[in-house]
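Note sheet for the following structure.
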Amino acid sequence: MQENFSLKPYNTFGVGAKAQYFAEVNSIEELKDALTFAKVQSLHLLFLGGGSNILLTQDFDGLAIKLNLKGISEENLNDHETLVTAKAGENWHEFVLYCLQKNYGGLENLSLIPGNVGTSPMQNIGAYGTEIKDVFVDCKVLDLENLEVKTFDLEQCRFGYRDSIFKQEGKGKYVILEVTFKLTSQNHHIKTEYGAIKSELEHLGIANPTIQDVSKAVINIRQSKLPDPKETGNAGSFFKNPTIPLAQFEDLKQKFENIQGYPNGDMVKVPAGWLIEQCGWKGRQIGNVASHKLQSLVIINATGEATGKEIFDFSTEIINSVKEKFGIELEREVNII
C-alpha cells in the first residue's frame, strides 16, 4: 500500500494526477485485502486496468487499485469452437494475438485496441463490425459489497453500444476478474465489409484473407491514423458516435448534403469524427491539448503537460460547437474521474 502515489504511468493520457493510496494486486486474495483496507478506512475506489479509457481531472481521494490478474485458459467445445478465458490484467491486444496464434477466430477485428481484458466488457468494446458481445460467454466478477465471486452471462451484462450493466446500475458495485469468449477454431466468419479493411487487404495483395490477414489489415489502418499512447497521450476515441432519429438525419441532409450516416431501422448512426471535423477541430490545438491531425475523434495531450481539466474543457468546447452547428449532442466515451 503506497500513499500520495502518481498515476501518470497508469493512464494513457499521461495526466499527472495522484492517488491518496495505491495498491497493485496479483490475486483475488490480494484484491480482497485491499478492499478490506478501503472499507475500514472508508475510502473511495478506483480500479485501473490499462488506463486507456479514463480521464483523471483531479487527484483521486481514495484507493486506486491496479488489477494485475494474469492467465489464459482454454476449453474445446467441439471441432470448430473453443472457450478461451483470460484474466482481467491481460493486455487486450496481446490476448488477441495469442488467440490468432492459436488460430482462434472472432477477435481479429478488435486488434490493437488499447487496454486490458477486464475492461473490455464494461463498454462492450468494438471496431470494424465486431463487438465483444458477438463472442462473449460470461465474466466472473467480485461483488464489492460482500466480496463474493459471481458470474454474469451475456444476457445479464445487457450490452449496448459502448455500454453494459457495468456502466449503468452495476457501476461501482463489481470488479471484473476474468472474461470467457467463444471463438471459432475453424470455419471462421471473416468480416471485411467495414471501414477500410477491404481496400487495405487489396493493398496487401490478399484476395482470400485469413483471420490473421484481417488482423494485420486492422493494425495497419489503426497505426496509420491513430497516435500511439506511448508516444502521444490519448485515450483513443474520446466520443461515442451519436445515434439520431431518421427524420432528424433527413432534415440535416437537406442542409449538409455530405453528412454521413449508417441507418438502422428508424435511427441513424452519425460518425462523430465527421461532425467534429466539419466544425474545424481536426488538428486544432488550444494550449496543451489538441484534436489529432489525422483523426479528429481522438483528443491528445499534445505537449505531454496537459492536465485532466484542460482535456475535459477542450472536449466541452467540441461538444458545444457540434451541438450549435448540427443540433447533435456528443457523449464522451471516456470515463471521467
Pairing donors with acceptors under 3.5 angstrom, does anything connect the side chains of Asn320 and Glu317? no
Decide if atom CG of Asp79 counts as having more than 12 heavy atoms of other residues, nucleotides or ligands within a radius under 6.0 Å. no
For Asp33 and Thr36, test the side chains for any donor-to-acceptor distance below 3.5 angstrom and give the result as yes or no. no
Does any donor atom in the side chain of Glu305 or Thr303 lie under 3.5 Å from an acceptor atom in the other side chain? no
Say whether Gln20 and Asn4, considering side chains only, have a donor N or O and an acceptor N or O under 3.5 Å apart. no
Close side-chain approach of Leu35 to Leu45, heavy-atom, < 4.5 Å: yes
Is the NZ or CZ atom of Arg332 positioned over Phe312's six-membered ring, under 6.0 angstrom from the centre and within 45° of the axis? yes
Are Phe239 and Ile54 co-members of a hydrophobic cluster defined by side-chain heavy atoms under 4.5 Å apart? yes
Lys191 vs Asp134, test: salt bridge (Lys or Arg N to Asp or Glu O under 4.0 Å). Steps then yes/no. CA-CA 12 Å; Lys191 290 185 180 179; Asp134 301 332; 3.7 Å; yes
Can you classify the ring geometry of Phe159 versus Phe136 as parallel (below 30°), tilted (30 to 60°) or perpendicular (above 60°)? perpendicular
Please tell me whether Glu74 and Tyr104 have a donor and an acceptor in their side chains that are separated by less than 3.5 angstrom. yes
Would a 4.5 Å heavy-atom cut-off, applied to side chains only, mark Ile299 and Val289 as touching? yes
Within a reach of under 6.0 Å around CD of Glu193, are more than 12 heavy atoms found that belong to other residues, nucleotides or ligands? yes
Counting C-beta onward and ignoring hydrogens, is there a side-chain heavy-atom pair between Glu90 and Lys70 closer than 4.5 Å? yes
In terms of side-chain geometry, is the basic nitrogen of Lys66 or Glu24 positioned less than 4.0 Å from the acidic oxygen of its partner? no
For Lys323, is the NZ atom crowded, meaning more than 12 foreign heavy atoms sit under 6.0 Å from it? no
Taking atom types as modelled, is there a side-chain donor on Ser321 or Trp281 under 3.5 Å from an acceptor on the other? yes
Hey, does the side chain of Asp213 reach the backbone of Thr210 with a donor-acceptor pair shorter than 3.5 angstrom? yes
Side-chain contact, heavy-atom cut-off 4.5 Å: Asn124 with Tyr161? no
Criterion side-chain contact (heavy atoms from CB on, under 4.5 Å) against Ile165, the qualifying member of Arg158, Gln156, Lys171: Arg158
Between the side chain of Thr12 and the main-chain N/O of Gly51, is any donor-acceptor distance below 3.5 Å? yes
Can Lys182 and Glu75 be said to form a salt bridge (Lys or Arg N to Asp or Glu O under 4.0 Å), step by step? CA-CA 10 Å; Lys182 184 194 289 185; Glu75 178 190 343; over 6 Å; no
Holding to ring pair (Phe, Tyr, Trp, His ring centres under 6.0 Å), I want the full list of residues that pass it with Phe22, two or more places apart in sequence or in another chain. Phe5, Tyr10
Do Ile311 and Thr307 come within less than 4.5 Å of each other through their side chains, counting heavy atoms only? no
Above 12 or not: heavy atoms from other molecules or residues under 6.0 Å from CD of Glu169? yes
State, yes or no, whether a side-chain contact exists between Cys157 and Pro121 at a heavy-atom distance under 4.5 Å. no
Whether Asp143 and Lys150 form a salt bridge (side-chain N of Lys/Arg under 4.0 Å from carboxylate O of Asp/Glu) is what I want to check. yes
Considering only heavy atoms from C-beta outward, does the side chain of Ile176 approach that of Thr119 to under 4.5 Å? no
Between Val218 and Leu201, is there shared hydrophobic-cluster membership here, with clusters defined by ILVMFWY side-chain heavy atoms closer than 4.5 Å? yes
Does the ring centre of Tyr174 sit less than 6.0 Å away from the ring centre of Phe152? yes
Check the pair Lys216, Glu108 against salt bridge (Lys or Arg N to Asp or Glu O under 4.0 Å), reporting the backbone distance first and the verdict last. CA-CA 9 Å; Lys216 176 62 176 172; Glu108 56 277 0; over 6 Å; no
Checking side-chain polar atoms at under 3.5 Å, does Thr151 have a donor or acceptor matched by the opposite partner on Asp138? no
Let me see the working for Glu331 and Lys240 under salt bridge (Lys or Arg N to Asp or Glu O under 4.0 Å), right down to the final yes or no. CA-CA 6 Å; Glu331 184 180 347; Lys240 295 181 181 180; 3.2 Å; yes
Does Asp153 have more than 12 heavy atoms from other residues, nucleotides or ligands lying within 6.0 Å of its CG? yes
Tell me, do Gln2 and Tyr21 make a side-chain contact under 4.5 Å, heavy atoms counted? no
Between Lys255 and Asp251, does at least one N-O distance fall below 4.0 Å, as a salt bridge requires? no
For Asn208, enumerate each residue passing the side chain to side chain contact (heavy atoms under 4.5 Å, CB included) test, keeping only those at least two apart in sequence or located in another chain. none
Below 30° counts as parallel, above 60° as perpendicular, anything between as tilted: where do the rings of Trp274 and Phe326 land? tilted
Verify whether the ring centers belonging to Phe95 and Phe181 lie closer than 6.0 Å. yes
Separation of Leu48 CG from Asn68 CG (nearest 0.5 Å): 11.5 Å
When you check the side-chain N and O atoms of Gln123 and Asn53, is any donor under 3.5 Å from an acceptor? yes
